[in-house]
2 protein chains.
Amino acid sequence: MNIGTVSKLSGVPAKTIRYYESVGLLPDPVRSENGYRTYGDQEVETLKFVQRSRKLGFKVKDVAALLTLWQDKNRASGDVKALAVSHIQEVEERIKELEAIRSTLLHLVNRCHGDDRPDCPILEGISEK
Amino acid sequence: MNIGTVSKLSGVPAKTIRYYESVGLLPDPVRSENGYRTYGDQEVETLKFVQRSRKLGFKVKDVAALLTLWQDKNRASGDVKALAVSHIQEVEERIKELEAIRSTLLHLVNRCHGDDRPDCPILEGISEK
DNA sequence: TCTTGACCTTCCCACTACTGGAAGGCTCAT
DNA sequence: ATGAGCCTTCCAGTAGTGGGAAGGTCAAGA
(Lines give C-alpha, C1' and ligand atoms only; values in the text may rest on other atoms or scores of the structure.)
Protein backbone atom coordinates (compact mmCIF):
# COMPACT_ATOMS: atom_id res chain seq x y z
CA MET A 1 0.00 0.00 0.00
CA ASN A 2 1.29 3.43 -0.89
CA ILE A 3 0.68 6.54 1.15
CA GLY A 4 -2.32 7.63 -0.92
CA THR A 5 -4.17 4.40 -0.24
CA VAL A 6 -3.44 4.49 3.47
CA SER A 7 -4.54 8.08 3.49
CA LYS A 8 -7.90 7.20 1.94
CA LEU A 9 -8.45 4.20 4.22
CA SER A 10 -7.50 6.02 7.41
CA GLY A 11 -8.85 9.44 6.59
CA VAL A 12 -5.52 11.08 7.45
CA PRO A 13 -4.11 13.31 4.67
CA ALA A 14 -0.83 12.10 3.15
CA LYS A 15 0.82 15.36 4.17
CA THR A 16 -0.17 14.74 7.74
CA ILE A 17 1.10 11.16 7.67
CA ARG A 18 4.51 12.42 6.57
CA TYR A 19 4.37 15.05 9.29
CA TYR A 20 3.57 12.46 11.97
CA GLU A 21 6.50 10.44 10.72
CA SER A 22 8.83 13.46 10.83
CA VAL A 23 7.98 14.24 14.46
CA GLY A 24 8.41 10.65 15.53
CA LEU A 25 4.75 9.82 16.14
CA LEU A 26 4.97 7.11 13.51
CA PRO A 27 8.00 4.91 12.80
CA ASP A 28 9.85 5.22 9.50
CA PRO A 29 8.01 2.98 7.06
CA VAL A 30 9.50 0.40 4.76
CA ARG A 31 10.40 1.86 1.38
CA SER A 32 9.95 0.07 -1.90
CA GLU A 33 12.68 0.12 -4.56
CA ASN A 34 11.50 3.38 -6.02
CA GLY A 35 11.58 5.05 -2.62
CA TYR A 36 7.84 5.03 -2.03
CA ARG A 37 6.58 4.50 1.53
CA THR A 38 4.98 1.10 1.92
CA TYR A 39 2.31 0.32 4.51
CA GLY A 40 0.23 -2.62 5.70
CA ASP A 41 -3.18 -2.96 7.33
CA GLN A 42 -1.67 -2.42 10.76
CA GLU A 43 -0.64 1.11 9.87
CA VAL A 44 -4.16 1.94 8.76
CA GLU A 45 -5.42 0.92 12.20
CA THR A 46 -2.71 2.93 13.88
CA LEU A 47 -3.62 6.00 11.88
CA LYS A 48 -7.29 5.59 12.70
CA PHE A 49 -6.36 5.44 16.36
CA VAL A 50 -4.27 8.59 15.98
CA GLN A 51 -7.05 10.34 14.11
CA ARG A 52 -9.63 9.56 16.78
CA SER A 53 -7.31 10.61 19.56
CA ARG A 54 -6.70 13.91 17.80
CA LYS A 55 -10.41 14.43 17.37
CA LEU A 56 -10.78 13.98 21.12
CA GLY A 57 -8.43 16.93 21.43
CA PHE A 58 -5.27 15.12 22.50
CA LYS A 59 -2.11 16.85 21.40
CA VAL A 60 0.30 14.97 19.19
CA LYS A 61 2.64 14.38 22.12
CA ASP A 62 -0.20 12.91 24.15
CA VAL A 63 -1.17 10.75 21.21
CA ALA A 64 2.38 9.43 21.14
CA ALA A 65 1.99 8.38 24.75
CA LEU A 66 -1.43 6.84 24.11
CA LEU A 67 -0.08 5.00 21.11
CA THR A 68 2.74 3.51 23.14
CA LEU A 69 0.26 2.38 25.78
CA TRP A 70 -2.10 1.07 23.14
CA GLN A 71 0.61 -1.08 21.67
CA ASP A 72 1.95 -2.20 25.03
CA LYS A 73 0.03 -5.27 26.03
CA ASN A 74 1.39 -5.05 29.59
CA ARG A 75 0.35 -1.45 30.11
CA ALA A 76 -1.30 -0.33 33.32
CA SER A 77 -4.74 1.10 32.63
CA GLY A 78 -4.06 3.65 35.39
CA ASP A 79 -1.51 5.35 33.15
CA VAL A 80 -4.07 5.79 30.40
CA LYS A 81 -6.72 6.98 32.82
CA ALA A 82 -4.37 9.59 34.27
CA LEU A 83 -3.72 11.00 30.81
CA ALA A 84 -7.41 11.09 29.99
CA VAL A 85 -8.43 12.66 33.29
CA SER A 86 -5.83 15.38 32.94
CA HIS A 87 -7.07 16.04 29.44
CA ILE A 88 -10.67 16.27 30.62
CA GLN A 89 -9.63 18.91 33.11
CA GLU A 90 -8.01 20.96 30.37
CA VAL A 91 -11.09 20.64 28.22
CA GLU A 92 -13.34 21.71 31.07
CA GLU A 93 -11.17 24.71 31.80
CA ARG A 94 -11.33 25.73 28.18
CA ILE A 95 -15.10 25.36 28.18
CA LYS A 96 -15.37 27.61 31.22
CA GLU A 97 -13.23 30.26 29.55
CA LEU A 98 -15.32 30.15 26.42
CA GLU A 99 -18.55 30.33 28.38
CA ALA A 100 -17.32 33.42 30.18
CA ILE A 101 -16.44 34.98 26.83
CA ARG A 102 -19.81 34.01 25.43
CA SER A 103 -21.64 35.52 28.36
CA THR A 104 -19.76 38.81 28.14
CA LEU A 105 -20.28 39.05 24.40
CA LEU A 106 -23.98 38.24 24.66
CA HIS A 107 -24.38 40.92 27.27
CA LEU A 108 -22.69 43.50 25.06
CA VAL A 109 -24.52 42.47 21.92
CA ASN A 110 -27.90 42.61 23.61
CA ARG A 111 -27.36 46.21 24.53
CA CYS A 112 -26.32 47.23 21.03
CA HIS A 113 -29.13 48.35 18.75
CA GLY A 114 -27.01 47.50 15.73
CA ASP A 115 -28.17 50.00 13.16
CA ASP A 116 -26.58 52.91 11.29
CA ARG A 117 -26.03 55.01 14.36
CA PRO A 118 -22.47 55.22 15.69
CA ASP A 119 -23.52 54.72 19.28
CA CYS A 120 -22.18 51.29 20.22
CA PRO A 121 -22.24 49.70 23.67
CA ILE A 122 -20.01 46.89 22.43
CA LEU A 123 -17.05 49.12 21.70
CA GLU A 124 -17.73 51.11 24.83
CA GLY A 125 -17.86 47.93 26.83
CA ILE A 126 -14.54 46.74 25.49
CA SER A 127 -12.78 50.05 26.00
CA GLU A 128 -14.07 50.82 29.47
CA LYS A 129 -14.11 47.42 31.05
CA MET B 1 6.93 57.23 26.91
CA ASN B 2 9.13 54.36 25.84
CA ILE B 3 7.89 50.90 25.02
CA GLY B 4 8.60 49.52 28.49
CA THR B 5 6.40 52.11 30.16
CA VAL B 6 3.53 51.59 27.72
CA SER B 7 3.91 47.88 28.25
CA LYS B 8 3.54 48.26 32.03
CA LEU B 9 0.59 50.63 31.76
CA SER B 10 -1.28 48.57 29.17
CA GLY B 11 -0.33 45.10 30.33
CA VAL B 12 0.82 44.13 26.84
CA PRO B 13 4.41 42.76 26.67
CA ALA B 14 6.86 44.92 24.74
CA LYS B 15 7.56 42.00 22.42
CA THR B 16 3.88 41.77 21.62
CA ILE B 17 3.58 45.49 20.98
CA ARG B 18 6.37 45.22 18.41
CA TYR B 19 4.64 42.21 16.94
CA TYR B 20 1.32 44.07 16.63
CA GLU B 21 3.20 46.87 14.90
CA SER B 22 4.88 44.45 12.51
CA VAL B 23 1.59 42.91 11.42
CA GLY B 24 -0.03 46.29 10.93
CA LEU B 25 -2.41 46.17 13.89
CA LEU B 26 -0.73 49.26 15.29
CA PRO B 27 0.69 52.16 13.25
CA ASP B 28 4.42 52.83 13.19
CA PRO B 29 5.13 54.97 16.23
CA VAL B 30 7.14 58.16 16.36
CA ARG B 31 10.81 57.50 17.03
CA SER B 32 12.98 59.67 19.23
CA GLU B 33 16.50 60.66 18.13
CA ASN B 34 18.04 57.49 19.46
CA GLY B 35 15.57 55.36 17.52
CA TYR B 36 13.40 54.44 20.49
CA ARG B 37 9.66 54.09 19.95
CA THR B 38 7.76 56.96 21.58
CA TYR B 39 4.15 56.69 22.74
CA GLY B 40 1.47 58.85 24.34
CA ASP B 41 -1.52 58.15 26.55
CA GLN B 42 -3.67 57.42 23.54
CA GLU B 43 -1.57 54.40 22.64
CA VAL B 44 -1.98 53.00 26.12
CA GLU B 45 -5.74 53.14 25.68
CA THR B 46 -5.49 51.55 22.27
CA LEU B 47 -3.41 48.71 23.65
CA LYS B 48 -5.86 48.14 26.49
CA PHE B 49 -8.63 47.93 23.92
CA VAL B 50 -6.62 45.43 21.92
CA GLN B 51 -5.83 43.42 25.02
CA ARG B 52 -9.46 43.18 26.05
CA SER B 53 -10.60 42.27 22.57
CA ARG B 54 -8.04 39.49 22.46
CA LYS B 55 -9.20 38.22 25.85
CA LEU B 56 -12.70 38.03 24.40
CA GLY B 57 -11.26 35.67 21.83
CA PHE B 58 -11.24 37.96 18.82
CA LYS B 59 -8.50 37.13 16.36
CA VAL B 60 -5.90 39.78 15.61
CA LYS B 61 -7.51 40.49 12.23
CA ASP B 62 -10.87 40.98 13.89
CA VAL B 63 -9.26 43.26 16.44
CA ALA B 64 -7.89 45.32 13.58
CA ALA B 65 -11.43 45.73 12.28
CA LEU B 66 -12.78 46.54 15.75
CA LEU B 67 -10.02 49.05 16.26
CA THR B 68 -10.86 50.81 13.02
CA LEU B 69 -14.51 50.96 14.00
CA TRP B 70 -13.61 52.11 17.51
CA GLN B 71 -11.63 55.00 16.15
CA ASP B 72 -14.20 55.89 13.50
CA LYS B 73 -16.64 58.27 15.07
CA ASN B 74 -19.05 57.82 12.16
CA ARG B 75 -19.13 54.04 12.37
CA ALA B 76 -22.39 52.15 12.13
CA SER B 77 -22.99 50.11 15.26
CA GLY B 78 -24.47 47.41 13.04
CA ASP B 79 -21.00 46.67 11.67
CA VAL B 80 -19.66 46.08 15.14
CA LYS B 81 -22.63 43.98 16.12
CA ALA B 82 -22.23 41.79 13.06
CA LEU B 83 -18.62 41.07 13.98
CA ALA B 84 -19.55 40.28 17.56
CA VAL B 85 -22.49 38.07 16.64
CA SER B 86 -20.40 36.08 14.21
CA HIS B 87 -17.77 35.67 16.90
CA ILE B 88 -20.34 34.46 19.41
CA GLN B 89 -21.42 31.81 16.94
CA GLU B 90 -17.85 30.59 16.58
CA VAL B 91 -17.44 30.50 20.33
CA GLU B 92 -20.65 28.55 20.75
CA GLU B 93 -19.61 26.06 18.12
CA ARG B 94 -16.30 25.55 19.83
CA ILE B 95 -18.07 25.04 23.16
CA LYS B 96 -20.28 22.39 21.62
CA GLU B 97 -17.27 20.58 20.19
CA LEU B 98 -15.49 20.64 23.52
CA GLU B 99 -18.58 19.42 25.34
CA ALA B 100 -18.87 16.50 22.97
CA ILE B 101 -15.22 15.66 23.59
CA ARG B 102 -15.72 16.00 27.33
CA SER B 103 -18.72 13.72 27.29
CA THR B 104 -16.95 11.04 25.29
CA LEU B 105 -13.91 11.16 27.52
CA LEU B 106 -15.95 11.06 30.70
CA HIS B 107 -17.80 8.07 29.40
CA LEU B 108 -14.56 6.26 28.64
CA VAL B 109 -12.88 7.23 31.88
CA ASN B 110 -15.81 6.09 33.96
CA ARG B 111 -15.58 2.62 32.55
CA CYS B 112 -11.84 2.33 33.17
CA HIS B 113 -10.87 0.90 36.53
CA GLY B 114 -7.51 2.61 36.27
CA ASP B 115 -5.22 0.26 38.13
CA ASP B 116 -2.25 -1.93 37.23
CA ARG B 117 -4.22 -4.22 34.99
CA PRO B 118 -3.74 -3.75 31.25
CA ASP B 119 -7.44 -3.99 30.49
CA CYS B 120 -8.40 -0.50 29.37
CA PRO B 121 -11.79 0.60 27.99
CA ILE B 122 -10.35 3.99 27.10
CA LEU B 123 -7.89 2.63 24.56
CA GLU B 124 -10.47 0.13 23.35
CA GLY B 125 -12.98 2.94 22.96
CA ILE B 126 -10.60 5.02 20.91
CA SER B 127 -9.56 2.18 18.65
CA GLU B 128 -12.98 0.73 17.98
CA LYS B 129 -15.09 3.80 17.78
C1' DT C 1 6.63 4.13 -28.53
C1' DC C 2 5.33 8.27 -26.83
C1' DT C 3 2.70 10.81 -23.92
C1' DT C 4 -0.50 11.94 -20.48
C1' DG C 5 -2.10 11.83 -15.92
C1' DA C 6 -1.87 10.26 -11.47
C1' DC C 7 0.95 8.95 -8.34
C1' DC C 8 5.18 9.55 -5.35
C1' DT C 9 9.52 12.15 -3.41
C1' DT C 10 11.83 16.22 -0.84
C1' DC C 11 11.96 20.92 0.30
C1' DC C 12 10.37 25.33 1.46
C1' DC C 13 6.90 28.91 2.61
C1' DA C 14 2.58 30.48 4.99
C1' DC C 15 -0.59 30.52 8.63
C1' DT C 16 -1.78 32.12 14.20
C1' DA C 17 -0.07 34.79 17.78
C1' DC C 18 3.18 35.21 19.84
C1' DT C 19 7.76 34.11 22.81
C1' DG C 20 12.60 33.60 23.53
C1' DG C 21 17.22 34.61 22.60
C1' DA C 22 21.34 36.67 20.54
C1' DA C 23 24.09 40.63 19.47
C1' DG C 24 24.55 45.13 19.89
C1' DG C 25 23.45 50.36 21.05
C1' DC C 26 21.84 53.95 24.59
C1' DT C 27 21.35 56.16 29.21
C1' DC C 28 22.12 56.93 33.81
C1' DA C 29 24.06 56.23 38.30
C1' DT C 30 27.99 55.06 40.88
C1' DA D 1 34.71 53.58 33.40
C1' DT D 2 31.65 50.25 34.35
C1' DG D 3 27.47 47.99 35.09
C1' DA D 4 22.39 47.73 35.14
C1' DG D 5 18.65 48.20 32.64
C1' DC D 6 16.72 49.96 29.03
C1' DC D 7 16.25 49.89 23.83
C1' DT D 8 17.11 48.10 18.81
C1' DT D 9 16.93 44.38 14.99
C1' DC D 10 16.83 39.82 13.37
C1' DC D 11 16.38 34.75 13.73
C1' DA D 12 14.17 30.73 15.29
C1' DG D 13 10.67 27.99 17.30
C1' DT D 14 5.97 26.62 18.79
C1' DA D 15 1.39 22.90 16.53
C1' DG D 16 -0.42 20.99 12.72
C1' DT D 17 -1.20 21.29 8.88
C1' DG D 18 -2.07 23.44 3.68
C1' DG D 19 -0.13 24.79 -0.59
C1' DG D 20 2.96 24.50 -4.11
C1' DA D 21 7.47 23.84 -6.69
C1' DA D 22 10.61 20.68 -8.94
C1' DG D 23 11.34 16.32 -10.08
C1' DG D 24 11.05 10.85 -10.25
C1' DT D 25 7.79 6.73 -11.29
C1' DC D 26 4.25 4.02 -13.22
C1' DA D 27 0.33 2.34 -15.93
C1' DA D 28 -2.66 2.98 -19.69
C1' DG D 29 -4.17 4.74 -24.11
C1' DA D 30 -3.20 6.56 -29.17
Side-chain angles (χ1 to χ4, degrees), chain A residues 1-26 28-40 43 46-67 87 90-91 94 97-98 101, chain B residues 1-26 28-40 43 46-67 86-87 90-91 93-94 97-98 101:
Chain A
M1 246 190 294
N2 287 340
I3 200 168
T5 311
V6 181
S7 169
K8 258 172 219 148
L9 292 178
S10 66
V12 180
K15 277 252 168 181
T16 305
I17 297 174
R18 292 193 196 99
Y19 170 73
Y20 287 161
E21 183 189 323
S22 79
V23 296
L25 179 59
L26 303 176
D28 289 4
V30 177
R31 301 282 185 142
S32 58
E33 286 190 9
N34 53 24
Y36 289 11
R37 288 167 178 82
T38 304
Y39 302 94
E43 278 92 344
T46 301
L47 277 166
K48 281 185 184 170
F49 181 91
V50 170
Q51 181 88 321
R52 284 167 195 147
S53 304
R54 293 282 303 124
K55 284 196 175 154
L56 286 175
F58 286 98
K59 289 173 187 163
V60 171
K61 275 199 178 173
D62 293 337
V63 176
L66 284 175
L67 210 47
H87 184 46
E90 286 170 25
V91 168
R94 186 77 190 117
E97 287 169 15
L98 288 175
I101 286 172
Chain B
M1 246 190 295
N2 287 340
I3 200 168
T5 312
V6 181
S7 168
K8 259 172 217 146
L9 292 178
S10 67
V12 180
K15 276 259 170 179
T16 306
I17 297 174
R18 291 192 198 99
Y19 170 73
Y20 285 159
E21 183 189 322
S22 80
V23 296
L25 179 58
L26 303 176
D28 289 5
V30 177
R31 301 281 185 142
S32 59
E33 286 190 9
N34 54 22
Y36 288 12
R37 287 166 178 83
T38 304
Y39 302 94
E43 278 93 341
T46 302
L47 278 165
K48 281 184 184 170
F49 181 92
V50 170
Q51 181 90 319
R52 283 165 196 149
S53 304
R54 290 286 300 125
K55 285 196 174 154
L56 285 174
F58 287 98
K59 288 172 189 165
V60 170
K61 274 200 179 172
D62 293 337
V63 176
L66 284 175
L67 211 45
S86 145
H87 184 45
E90 286 171 25
V91 168
E93 223 164 286
R94 187 76 189 116
E97 287 170 15
L98 288 175
I101 286 173

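Heavy atoms only: backbone and side chains are in, while hydrogens, waters and symmetry mates are out. Proteins get letters first, then strands, A, B, ... in listed order; numbering begins at 1 in each.
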Given dT17(D), dA17(C), dT19(C), which nucleotide is nearest the side-chain atoms of Pro13(B)?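 Side chain of Pro13(B) sits closest to dT19(C).
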Among dC7(C), dT10(C), dC18(C), which is the nearest nucleotide to the side chain of Lys8(A)?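 Between dC7(C), dT10(C), dC18(C), the one nearest the side chain of Lys8(A) would be dC7(C).
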With a 4.0 Å cut-off on heavy atoms, is Arg18(A) in touch with a base, just the backbone sugar-phosphate, or nothing at all?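 Base, at least one base heavy atom under 4.0 Å.
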For Arg37(B), which contact category applies under a 4.0 Å heavy-atom criterion: base, sugar-phosphate, or nothing?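 Touches sugar-phosphate only.
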[X] has an atom [atom1]; how far is it from atom [atom2] of [N], in whole Å?
X: Ile3(A); N: dT17(D); atom1: CD1; atom2: C1'; result: 14 Å
X: Glu21(A); N: dT17(D); atom1: CD; atom2: P; result: 15 Å
X: Leu25(A); N: dT17(D); atom1: CG; atom2: P; result: 10 Å
X: Tyr36(B); N: dG24(C); atom1: OH; atom2: C1'; result: 11 Å
X: Asn2(B); N: dT27(C); atom1: CG; atom2: P; result: 10 Å
X: Arg31(A); N: dC8(C); atom1: CZ; atom2: P; result: 12 Å
X: Glu33(A); N: dC8(C); atom1: CD; atom2: P; result: 18 Å
X: Ile17(A); N: dG16(D); atom1: CD1; atom2: P; result: 16 Å

Applying side-chain contact (heavy atoms from CB on, under 4.5 Å), run through Glu90(B) and Ser86(B) and close with a yes or a no. CA-CA 7 Å; Glu90(B) 286 171 25; Ser86(B) 145; 3.9 Å; yes
Reckon Asn34(A) has a side-chain N or O less than 4.0 Å from the OP1 or OP2 of dC26(D)?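 So the side-chain polar atoms of Asn34(A) do come within 4.0 Å of the phosphate oxygens OP1 or OP2 of dC26(D), strictly under.
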Hey, does the side chain of Arg54(A) come within less than 4.0 Å of dA15(D)'s phosphate (OP1/OP2), counting only N and O?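 Answer no for this pair, as no side-chain N or O of Arg54(A) is under 4.0 Å from OP1 or OP2.
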What I want to check is whether an N or O donor and acceptor connect the side chain of [X] with the base of [N] at under 3.5 Å.
X: Lys15(A); N: dG16(D); result: no
X: Tyr19(A); N: dG18(D); result: no
X: Lys59(A); N: dG16(D); result: no

Could you go step by step and tell me if Leu47(B) and Leu26(B) meet the side-chain contact (heavy atoms from CB on, under 4.5 Å) rule? CA-CA 9 Å; Leu47(B) 278 165; Leu26(B) 303 176; 3.8 Å; yes
Please examine the side chains of Tyr20(B) and Val60(B), heavy atoms only from C-beta on, and report whether any two atoms are closer than 4.5 Å.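 Side chain of Val60(B) against side chain of Tyr20(B), heavy atoms only: contact under 4.5 Å found.
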Any chance you could measure Leu56(B), atom CG, to Gln51(B), atom CD, to the nearest 0.5 Å?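 The CG atom of Leu56(B) sits 11.0 Å away from the CD atom of Gln51(B).
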Return the CD to CZ distance between Glu21(B) and Arg37(B), rounded to the nearest 0.5 Å.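 Here the rounded value is 4.5 Å.
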